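Okay, so here's the structure we're looking at.
For clarity, every value in this text was computed on a predicted model and none was experimentally measured.
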Amino acid sequence: MIRTGSLAVICVLLGLTPFSLFGQSLRPRQPVIKPVHFALNPEQHRTDVIRVKFNDGLHVRVEAGKLVDHGTRSLTGSESVLAALDGARIARTYTLSDAQLKTLQDNAQSNLNRAIADLRLCFNIYLTRGQEAEILIDALNSLDSVEYAMPMFKPTPLPTESCEALVAPDYFPLQDYLLASPVGIDAPSVWSIPGGTGSGVKIADVEYGWNFNHLDLPPLTLLGPPSPYPSSSNHGTAVLGEMGGLDDGVGVRGICSDATFFVVPANTANGWDVGAGIIATLTTLGAGDICLIEQQTYGPSVGSNWVPVEWDLATYSAIVLAVGNGVTVVEAAGNGNQDLDAPIFSTGNFGHYPFLLANDSGAILVGAGAAMGGSSTNHSRLGFSNYGATVDISGQGENVTTTGYGGLYSGGGNNELYTSSFSGTSSASPIVAGAVAILQGVQIALNGTPLTPAAVKLALQSTGTPQTAGTFPVTENIGPYPDIVAAIATLNLTSSYILTLSPASVMEAGPGFTLAATGDRFDSQSVLYFDGTPLVTTFMDAQNITALVPSNLVALAGFYDVTSDNMSGLSLQSMTFAVNGPTLGAAGGGLPVLKINGSLGGADRRVDIPVAQPITVSIAQPLSNPQSANFIVFGEAGVPNSQNVFVYPPVTGSLIVTPCQADPLNPTLFTVFTTFGPAGPCGGLWVGPAPFQFGSTIGLPFPLRMTIQGVIEESPGSYAFTNGIIINIF
């Protein structure tokens, strides 16, 4: 049983011959073709940084800014070239340790049955004034020990076509990419299915900047080195809004709002290096997780020649490593209007031709299709979108409503900006990433193990809404548009799950009652469990079961887990059932001014926060009150031990908020914040009037469930209860 007690804490990845793995031959890597002379393009390339990779099988490392081979003779014959680098600073390209990179390489080779580049042999050479990059690149490429040397690209524009629109009156109704197929991906139809909101899945967004403080975004965790360069945060904010917009009744609703989100700068003090960003995610992401690449790079043609970042060999190698470790890589196909099947993409480029099907990296390349009522036929290719055989799936590339920019709404300042015209392969890619998160979330919740990246791609491709002909023909392939309901139908799901409970709550100390559960895949052996206690269950049909809940199980107020089990031995998802007491009542209800991490809570008014993740508690001022509103926030919390006795974890330092007992007749009820001070027993908790925000950037170090609710001055002299929120630290 999880029951409320007292609130003690609120805060906060060159072999030319086949490789062998355990005696099994691996498909060899595509051989690199080094040019005799590399012509540097100052508009695209940095002239102060060279990227170099030595041949697989050699032992080359860097110590004190110099290349060494520890007596293996790997650098023999390169002495004169290395002497020409005297004064330059040499650093490892990837921050992961040698052991971590080797483990990732071995795992990817085993999973993909193909040779993977040894990324321990990748280095960045930062030149000093007077050292000519073009001359040194040619000198390095002349060495037999060097697989390739090439310049570092300059940062490229983001794959966004346009960003603003006329002001529109609302939000969720404009998110047509959520609608039922064939218009949208039909996400709301599966949000009530276990894992259907992306829970249990991690997503890392690789790009330039984000607004960490937008009120409609979930907590974001930075991976890899921070970027020292100023960048507009609107693009990243818009991308995250499509996937993770909070389910709080305002603004937008993200496709997979219960996923866990990470952000990765592509442009750091070490240079613009998407591959390094991808590698940085692999200390956190694992099988079933998603790496979203919101970048594009320079292609071989002139003009607006943007192409997918895997055109760069080093980035391609990082993508293959991630895919080989079970991470689904979703990659914007780019906004260059390029035919990726054209002969120009099978010439030059060090012999690296990633858009040939034989060289598929395993990433999902995302093209951009027209919106319903947009500039062309729904799901037809938009003119800026790249296309070709390796473009796998399409997303909506225009008129996307999401967070950021402010063309739709800007009345609340920078942290409450919304747009209805986010576009490009930038807007298309998060839609596909969101569909992947839902598919993996459901698979993990109901089958226990994630799908492989190849299986994810196949499920979405084989069930998606076909590309249509519009301004451009379907022969210019951008792939089908996801239909998440049809994709989920391809999964081998055997577990039952609950969608709704009736009733959803009762008062404490009441009589026994019949609890009805709707869902799917129930059978004659299905049993309902009330906080771990099996109930006498009656099977109605595959979507309905009922059970008798005895009065002793609802004698005390609290929040209880209800699960179903079809006797398969699986631990299935739970639904929260509220037993209301006279103090706080049911979570939810009341004036919607109280938020946790910007959220009013989901369907059961619960906000789930991982251990050690930031927590922010805020209370807004009622619209009906022109004055600064006074308030009191009450709380009850605790963690049960094996006897269901509530104990309070020992906490020290900045996490402490000393509680103040609010009512002698309710010893488990405490005041968290109050404006009615500083005099009286709760003087130490006195705060300023609403709007008010309190946060901790380091979170709680232990699991805990709590409920908070308050009383606020709805108008001068008139008080009302606020909404209540369950906070689940897990």
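In this structure, Asn544 contributes its side chain and Ala516 its backbone to no donor-acceptor pair below 3.5 Å. At least one donor-acceptor pair under 3.5 Å links the side chain of Tyr316 to the backbone N or O of Asn359. Formation of a donor-acceptor pair under 3.5 Å by the Asn111 side chain with backbone atoms of Asn107 is found in this model. Within the 3.5 Å criterion, the main-chain N or O of Ala371 finds a donor-acceptor partner in the side chain of Glu398. Without hydrogens or angle criteria, His379 side chain to Pro466 main chain gives no donor-acceptor distance under 3.5 Å. A distance-only check finds no donor-acceptor pair linking the side chain of Gln295 to the backbone of Val309 [under 3.5 Å]. Asp339 contributes a side-chain N or O that, together with a main-chain N or O of Asp341, makes up a donor-acceptor pair within less than 3.5 Å. With hydrogens and angles ignored, the 3.5 Å screen pairs a side-chain donor or acceptor of Asn386 with a backbone N or O of Asn337. Judged by distance alone, the side chain of Gln30 and the main-chain N or O of Tyr353 form no donor-acceptor pair under 3.5 Å. In this structure a side-chain-to-backbone donor-acceptor pair under 3.5 Å is present from Gln443 to Thr449.
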Kindly determine whether Thr402 and Ser427 satisfy side-chain contact (heavy atoms from CB on, under 4.5 Å), including the steps that lead there. CA-CA 9 Å; Thr402 184; Ser427 67; over 6 Å; no
Starting from the C-alpha separation in whole Å, work towards a yes-or-no answer on side-chain contact (heavy atoms from CB on, under 4.5 Å) for Ile255 and Tyr177. CA-CA 9 Å; Ile255 295 169; Tyr177 51 93; 4.2 Å; yes
side-chain hydrogen bond (donor to acceptor under 3.5 Å, both in side chains) assessment of Asp216 paired with Tyr418: CA-CA 10 Å; Asp216 211 4; Tyr418 295 88; 3.0 Å; yes
Apply side-chain contact (heavy atoms from CB on, under 4.5 Å) to the pair Thr315 and Thr297, showing each step before the final yes or no. CA-CA 10 Å; Thr315 304; Thr297 194; over 6 Å; no
Working note: Phe261 + Val263, criterion side-chain contact (heavy atoms from CB on, under 4.5 Å); need CA distance, chi angles, decisive distance, verdict. CA-CA 7 Å; Phe261 293 91; Val263 295; over 6 Å; no
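Nearest heavy-atom pair, Val327 versus Cys291, reported as atom, atom and distance to 0.1 Å: CG1-N, 3.8 Å. Between Leu215 and Leu246, the closest heavy-atom pair is O-CD1, 3.5 Å. Of all heavy-atom pairs spanning Ile498 and Thr563, the tightest one is CD1-C, 3.8 Å. Nearest heavy atoms, Pro157 versus Gln296: O-NE2, 3.1 Å. Here the shortest heavy-atom pairing between Ser385 and Thr425 reads OG-CG2, 4.0 Å. Closest approach of Val323 and Ala363 over heavy atoms only: CG2-N, 4.1 Å.
Checked against Asn211 for a side-chain contact (heavy atoms from CB on, under 4.5 Å), the options Leu217, Leu240, Leu220, Asn415 give a single hit: Asn415. Of the listed residues (Ser376, Ser380, Ser375), just one forms a side-chain hydrogen bond (donor to acceptor under 3.5 Å, both in side chains) with Thr471, and that residue is Ser376.
Interatomic distance, CG of Leu439 versus CD1 of Ile290, reported as 9.5 Å (0.5 Å rounding). Remark: Gln440 CD to Leu451 CG distance equals 4.5 Å, nearest 0.5 Å. Ile344 CD1 to Ser301 OG: the interatomic distance, rounded to the nearest 0.5 Å, is 5.5 Å. The line from CG of Asn325 to CG of Leu285 is 10.5 Å long, rounded to the nearest 0.5 Å. Here the straight-line distance linking atom CZ of Phe422 with atom CD of Glu242 works out to 6.0 Å at 0.5 Å rounding. Taken to the nearest 0.5 Å, the CD1 atom of Ile545 stands 4.0 Å off from the CZ atom of Phe522.
A side-chain donor-acceptor contact under 3.5 Å links Asp176 and Gln396. No hydrogens or angles considered: a donor-acceptor pair under 3.5 Å links the side chains of Asp258 and Thr197. Side chain to side chain, Thr377 and Thr468 fail the donor-acceptor criterion of an N or O pair below 3.5 Å. When only modelled atom types and interatomic distance are considered, Asn378 and Tyr481 share no side-chain donor-acceptor pair under 3.5 Å. In this structure, a donor-acceptor pair under 3.5 Å is absent between the side chains of Asp247 and Trp191. Side-chain contact of Asp483 with Thr463: a donor-acceptor pair under 3.5 Å is absent, judged by distance alone. Checking Ser394 against Gln467 by side-chain atom types alone, no donor-acceptor pair falls below 3.5 Å. Side-chain contact annotation: Gln613 with Thr221, donor-acceptor N/O pair under 3.5 Å present.
The six-membered or imidazole ring of Trp306 lies away from that of Phe384, with a centre-to-centre distance of 6.0 Å or more.
Sequence neighbours left out, the pairs with a member in residues 369-395 that pass salt bridge (charged side-chain N to carboxylate O under 4.0 Å, His left out) are Arg381-Glu476, Asp392-Lys457.
Partners of His235 according to the side chain to side chain donor-acceptor pair (under 3.5 Å) rule, which considers only residues two or more places apart in sequence or in another chain, are Thr160, Glu207, Ser426. In this structure, the side chain to side chain donor-acceptor pair (under 3.5 Å) partners of Asp186, at least two apart in sequence or on a different chain, are Ser189. By the side chain to side chain donor-acceptor pair (under 3.5 Å) test, Glu416 is found to be paired with no residue, residues two or more places apart in sequence or in another chain being considered. Not counting sequence neighbours, the partners of Thr465 by the side chain to side chain donor-acceptor pair (under 3.5 Å) test are Ser181. Among residues two or more places apart in sequence or in another chain, the side-chain contact (heavy atoms from CB on, under 4.5 Å) test is passed with Ala542 by none.
In this structure, Pro354 and Thr390 have side chains that are not in contact, with every pair of non-hydrogen atoms separated by 4.5 Å or more. Gln461 places a side-chain heavy atom less than 4.5 Å from the side chain of Ile393. Proximity of Pro265 to Leu222: side-chain heavy atoms (C-beta onward) are separated by under 4.5 Å at one or more points. Side-chain contact between Thr490 and Leu458: absent, with no pair of heavy atoms (C-beta onward) separated by less than 4.5 Å. The closest side-chain heavy-atom distance from Ile478 to Tyr387 is below 4.5 Å. At least one side-chain heavy atom of Ser429 sits under 4.5 Å from a side-chain heavy atom of Leu292.
Phe355 and Trp311 have parallel rings, their planes meeting at less than 30° on a 0 to 90° scale where 60° marks the start of perpendicular.
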